[in-house]
Amino acid sequence: MLSERACAKINLHLHVVGRRPDGYHLLDSLVVFAGAADILTVERAGTLSLSVTGPFAAGLDNEADNLVLRAARALAVHADVPPAGRLVLEKNLPVASGIGGGSADAAAALRLLDRFWGIGAGQGTLAAIAGGLGADVPVCVASRSAVMSGIGEVLAPAPRMPEAGIVLVNPGVAVSTPAVFRARNGGFSVAAVWPPEGWPDAASLATSLHGTGNDLEAAALGLAPVIGEALAALAADPACLLARMSGSGATCFGIYADADVARAAADSVARPGWWVWGGGIIGG
């Protein structure tokens with residue numbers, strides 16, 4: 001049996017900078033990954049199957065077109081190998097929550113089955129396959145900090161990230177990404193400019209981020225006002241350096257000085273029915 005972690009993807013900022021003729025929005029986003037993760041395992045079997053366990057398994061187990069299975073089939077077609085293996089997804093991340101859970105799961109499937117089937121495709125090839133699965137999947141293949149542009153498929157290395165803690169808070173609601181984009185009003189933002197040398201600490205990172213925003217936050221708040229409660233809970237913590245929503249929501253995050261401070265803060269912002277996680281930023 002082999003396993004892979006599918007780490008949460010966090011949009012530290014998200015600017016909508018334009019729109020393509022086909023209707024897709026053009027984005028600019030600084031992305032990092034947190035230690036919170038789904039776990040995907042595989043063992044030998046005659047056919048390809050997927051079962052889902054964990055606290056957020058409900059509703060996913062019977063999805064015939066689950067992104068994990070789509071990723072497995074796409075890799076099998078690319079490598080001309082029979083798609084076989086018993087996959088088990090431990091779903092620890094909230095569904096439809098703005099932290100790339102499904103995309104991270106698909107990327108983990110590519111990495112895991114590349115090893116399990118003995119393909120050795122390499123990260124570049126896996127990222128190319130990932131592009132056919134969804135705009136967020138390629139960045140999750142490497143699970144390293146990056147600047148995303150285009151519709152999310154254009155990736156550039158991020159500046160050097162500092163040691164930092166992060167608290168993730170989902171107030172118990174799922175938000176539809178298409179619905180949030182439809183609800184968005186206003187024009188377009190410009191791409192953020194970052195210091196090429198990166199940031200020496202979490203405080204300087206937060207200072208830079210204060211000059212940016214999440215252009216989907218207002219629309220998501222209109223659809224799910226409870227997001228505002230999560231943001232307020234984080235912002236009320238004196239140790240929180242920045243509170244913001246990730247992606248199209250509803251998960252919000254707070255930046256902290258380090259992982260230990262974030263873990264302690266997670267206990268203080270927890271509410272009944274909320275999913276809360278605290279720890280460090282990884283893959284910088």
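Remember, it's a predicted structure, so these values are computed and weren't measured experimentally.
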Should [X] and [Y] be regarded as members of a common hydrophobic cluster, given that ILVMFWY residues are connected when their side-chain heavy atoms come within less than 4.5 Å of each other, either directly or indirectly?
X    : Y    : result
I119 : V137 : yes
V276 : I166 : no
V81  : L2   : yes
L75  : V88  : no
F253 : W194 : yes

Under a plain distance cut-off of 3.5 Å, with no hydrogens placed, do [Y] and [X] share a side-chain donor-acceptor pair?
X    : Y    : result
W199 : S208 : yes
S29  : N11  : yes
T177 : S248 : yes

Quick one: do L89 and T53 satisfy side-chain contact (heavy atoms from CB on, under 4.5 Å)? Show the steps, please.
CA-CA 6 Å; L89 175 63; T53 66; over 6 Å; no
Separation of [Y] [atom2] from [X] [atom1] (nearest 0.5 Å):
X    : Y    : atom1 : atom2 : value
C252 : I10  : SG    : CD1   : 10.5 Å
L69  : D105 : CG    : CG    : 11.0 Å
R160 : S145 : CZ    : OG    : 11.0 Å
R73  : L133 : CZ    : CG    : 11.5 Å
R144 : C7   : CZ    : SG    : 12.0 Å
D22  : I151 : CG    : CD1   : 7.5 Å

Which heavy atom of [X] sits nearest a heavy atom of [Y], and at what distance?
X    : Y    : answer
A34  : W277 : CB-CZ3, 3.9 Å
G247 : L14  : O-CD2, 3.8 Å
A158 : L30  : CB-CD1, 3.8 Å
D114 : G120 : OD1-N, 3.1 Å
L93  : A6   : CD1-O, 3.8 Å
A202 : A164 : CB-CB, 3.7 Å

For the residue pair R44 and F116, would you count it as a cation-pi contact if the rule is NZ or CZ under 6.0 angstrom from the ring centre and within 45 degrees of the ring axis?
yes
Over 12 foreign heavy atoms within 6.0 Å of CD, E163:
no
So do [Y] and [X] actually touch side chain to side chain, heavy atoms under 4.5 Å?
X    : Y    : answer
L27  : M148 : no
E229 : P171 : no
V32  : K9   : no
E217 : L231 : yes
V167 : C240 : no
V31  : L12  : no
L87  : L113 : yes
L209 : L242 : yes

Check this for me: does any side-chain nitrogen of one of [X] and [Y] sit under 4.0 Å from a carboxylate oxygen of the other?
X    : Y    : value
R115 : E4   : yes
R5   : D38  : no
D260 : R263 : yes

The criterion is side chain to side chain contact (heavy atoms under 4.5 Å, CB included); which residues satisfy it with P138, sequence neighbours excluded?
A130, L155
Side chain to side chain contact (heavy atoms under 4.5 Å, CB included) partners of S97, counting only residues at least two apart:
P94, I99, N170, T251
Applying side-chain contact (heavy atoms from CB on, under 4.5 Å), run through V190 and V17 and close with a yes or a no.
CA-CA 6 Å; V190 298; V17 299; 5.8 Å; no
Exam field: side chain [X] to backbone [Y], donor-acceptor pair closer than 3.5 Å:
X    : Y    : result
R271 : V269 : yes
R19  : L26  : no
S268 : A265 : yes

Could you go step by step and tell me if Y256 and L241 meet the side-chain contact (heavy atoms from CB on, under 4.5 Å) rule?
CA-CA 6 Å; Y256 288 81; L241 302 172; 5.7 Å; no
Criterion side-chain contact (heavy atoms from CB on, under 4.5 Å) on T212 and R244, from CA distance to verdict
CA-CA 10 Å; T212 67; R244 180 167 290 166; 3.0 Å; yes
Going by the ring pair (Phe, Tyr, Trp, His ring centres under 6.0 Å) test, which pairs reach into residues 14-55, not counting sequence neighbours?
H13-H15, H25-F181
